[in-house]
Amino acid sequence: MGAKSHKTSPDGQGVHRPVMLEEVLAVLQPVEGLDIVDGTFGAGGYSRALLKRGAKVIALDRDPGVLRFADKLKKEFGEAFTFTPGRFSELDALVALNSDNCVDVVVLDIGVSSMQLDEAGRGFSFMREGPLDMRMSKSGTNAADIVNTYEERRLGDLIFAFGEERNSKRIARAIIQARAEQPIETTLQLAGIIERATGRKPGGNHPATRTFQALRIAVNGEFDELVAGLFAAERLLPEGGKLLVVTFHSLEDRIVKRFFSGAKKSGQQSRHLPPLQMEAMRWAPVAKALKPSGAEIKANPRARSAILRWAMRTGEAARSVSFSGLGVPLSSLRGAV
Ligand SMILES: C[S@@+](CC[C@H](N)C(=O)[O-])C[C@H]1O[C@@H](n2cnc3c(N)ncnc32)[C@H](O)[C@@H]1O
């Protein structure tokens, strides 16, 4: 889950580069006349491109900081554009408040935006001194709460599962020792504790990269949001509707892939017999995962780990939300953060 979509200009208004926009537009061709939910508005890169091509867009974002971009689009595109603050896990309910139109498409561009990363005061970056915050919605539990209160084992499990950090135990121990001296309150304070605990390889990623990713995922409940958002889109979209999801690391991509494939055998049986029962397909398996072009990666290295998956809704009734079989890390701790 990387930061990605925007280059921010000095005035903070964002000369942004939405990731895999060309591929998104190609999947939706022709865009004109479509009713689209942009569940991760950010600086509005996707929304703007879709509006320009004649779509109607309902955009959502949980970060109150994006309102200035939404106001701009509202002025430019009027009735064709609606912005609703909120989380995409509730996208069907939020859309129902704003429209009785049938929605044709849901687009999700998961993760943190470059604007969030670049603003030191948001506490997402281990490169910039700021409070250890990381809350996209600016409310609820923050990263400092986790780092200063979790017991060692739970902290280590979280860093391992959400950050895929091999040094998780060592890092958790160093955090517990450091906070016994004084509370850990800033980004650089935490980054320094991690660097001293693990050392730093020349030319490698900063040793705090994975721990910061893990904390961000935990603070924002990102896996829970992703799973709930996918099922909300399944409820919302009619037969033939499309769901497009851009993710930034393998943990998220695995969830999306398994969600779309959905087919599960019910119960164990002989491999010599045909499956007794396959779960009905809610999504037509239309496409392989798409990756950004070499040219995009060259122009915007932050796009390099992006993966776009999309599929078309069948006429089968939507499933109830279930985490089972999706490979969500630490789902046993769900709701504990
Ligand atoms: C990578 S940016 C999207 C950029 C956008 N596609 C563009 O072109 O400008 C991701 C955005 O999704 C928002 N976001 C992340 N998780 C969310 C959630 N669960 N519900 C609503 N918005 C979310 C973040 O606040 C951030 O602004």
Exercise. Measure the acute angle between the ring planes of W283 and F260, then classify it against the limits of 30° and 60° as parallel, tilted or perpendicular.
Key: perpendicular
Quiz item: In chain order, what residues pass the side chain to side chain contact (heavy atoms under 4.5 Å, CB included) check against N167, with sequence neighbours excluded?
Solution: E165, R170, I171, T198
Quiz item: Cation over ring, R62 on F41, under 6.0 Å and within 45°?
Solution: no
Quiz item: Mind checking whether F160 and V328 sit in one hydrophobic cluster, side chains of I, L, V, M, F, W, Y counted as touching below 4.5 Å?
Solution: no
Quiz prompt | Q116 (side chain) donor-acceptor with S113 (main chain) under 3.5 angstrom | solution = yes
Exercise. Name the orientation class of the two ring planes belonging to F162 and F223 (parallel below 30°, tilted from 30 to 60°, perpendicular beyond 60°).
Key: perpendicular
Quiz item: Between E151 and R154, is there a salt bridge with N-O shorter than 4.0 Å?
Solution: no
Quiz item: If you measure only the distance, is there a donor-acceptor pair under 3.5 Å linking the side chains of N220 and E225?
Solution: no
Quiz item: Charged N to carboxylate O under 4.0 angstrom, D63 versus R122?
Solution: yes
Self-check item: L226 vs F259, side-chain contact (heavy atoms from CB on, under 4.5 Å): CA-CA, chis, key distance, verdict
Solution: CA-CA 10 Å; L226 175 57; F259 168 80; over 6 Å; no
Exercise. Could you pull out the closest heavy-atom pair between L251 and A161, with the gap in Å?
Key: CD1-O, 3.6 Å
Exercise. Could you tell me which residues satisfy side chain to side chain contact (heavy atoms under 4.5 Å, CB included) with R196, sequence neighbours excluded, listed by chain and number?
Key: I193
Exercise. Identify whether L230 and L94 are in the same connected component of the hydrophobic contact network (ILVMFWY, side-chain heavy atoms under 4.5 Å).
Key: yes
Self-check item: Short side-chain donor-acceptor distance under 3.5 Å, D109 and T40
Solution: no
Quiz item: Sequence neighbours excluded, which residues qualify as side chain to side chain donor-acceptor pair (under 3.5 Å) partners of S47?
Solution: D38
Quiz item: Between R68 and G65, is there a donor-acceptor pair closer than 3.5 Å when you use the side chain of the first and the backbone of the second?
Solution: yes
Quiz item: T187 side chain to G130 main-chain N or O, any donor-acceptor pair under 3.5 Å?
Solution: yes
Quiz item: Is a side-chain N or O of R128 found less than 3.5 angstrom from the main chain of A120, in a donor-acceptor match?
Solution: no
Quiz item: Would the number of heavy atoms belonging to other residues, nucleotides or ligands and lying under 6.0 Å from NZ of K74 be above 12?
Solution: yes
Self-check item: Flag, side chain of N300 to backbone of E296, donor-acceptor distance under 3.5 Å
Solution: no
Exercise. Output yes when E239 and R313 qualify as a salt bridge under the 4.0 Å nitrogen-oxygen rule, no when they do not.
Key: no
Quiz item: Which heavy-atom pair separates F231 from S320 by the least distance, and what is that distance?
Solution: CE2-O, 3.7 Å
Quiz prompt | R282 (side chain) donor-acceptor with A280 (main chain) under 3.5 angstrom | solution = yes
Practice problem: Verify the neighbour count for atom CZ of R254: are there more than 12 heavy atoms of other residues, nucleotides or ligands below 6.0 Å? | Solution: yes
Quiz item: So which heavy atom on G325 is nearest to which on R258, and how close?
Solution: O-CD, 3.0 Å
Quiz item: Where do P238 and C102 come nearest, in terms of heavy atoms and distance?
Solution: CG-SG, 3.5 Å
Self-check item: Criterion side-chain contact (heavy atoms from CB on, under 4.5 Å) on W310 and V107, from CA distance to verdict
Solution: CA-CA 9 Å; W310 69 277; V107 193; over 6 Å; no
Quiz prompt | Cluster overlap Y150 with I176, hydrophobic side-chain contacts below 4.5 Å | solution = yes
Self-check item: Partners meeting side chain to side chain contact (heavy atoms under 4.5 Å, CB included) with K52 (sequence neighbours left out)
Solution: R48, F77
Self-check item: Within 6.0 Å of CZ in R200, more than 12 heavy atoms from elsewhere
Solution: yes
Self-check item: Backbone of A228 reached by a side-chain donor or acceptor of S89 within 3.5 Å
Solution: no
Exercise. Using the test side chain to side chain contact (heavy atoms under 4.5 Å, CB included), find all partners of A232 that sit at least two apart in sequence or belong to another chain.
Key: L91, D92, R235
Quiz item: Where is the tightest heavy-atom contact between I146 and A218, given as atom of each residue plus distance?
Solution: CD1-CB, 3.9 Å
Practice problem: Of all the heavy-atom pairs spanning A178 and I184, show the shortest one and how long it is. | Solution: CB-CD1, 4.3 Å
Quiz prompt | More than 12 heavy atoms from other groups under 6.0 Å of NZ on K242 | solution = yes
Quiz item: Between F124 and F212, does the ring centroid distance fall short of 6.0 Å?
Solution: no
Self-check item: Check: T186 main-chain N/O paired with Q189 side-chain donor or acceptor under 3.5 Å
Solution: yes
With a 3.5 Å cut-off and sequence neighbours excluded, list the donor-acceptor pairs that the side chains of residues 19-37 form with protein atoms.
none

Quiz item: Within the side chain of Q213, is there an N or O that forms a donor-acceptor pair under 3.5 Å with the backbone of T209?
Solution: no
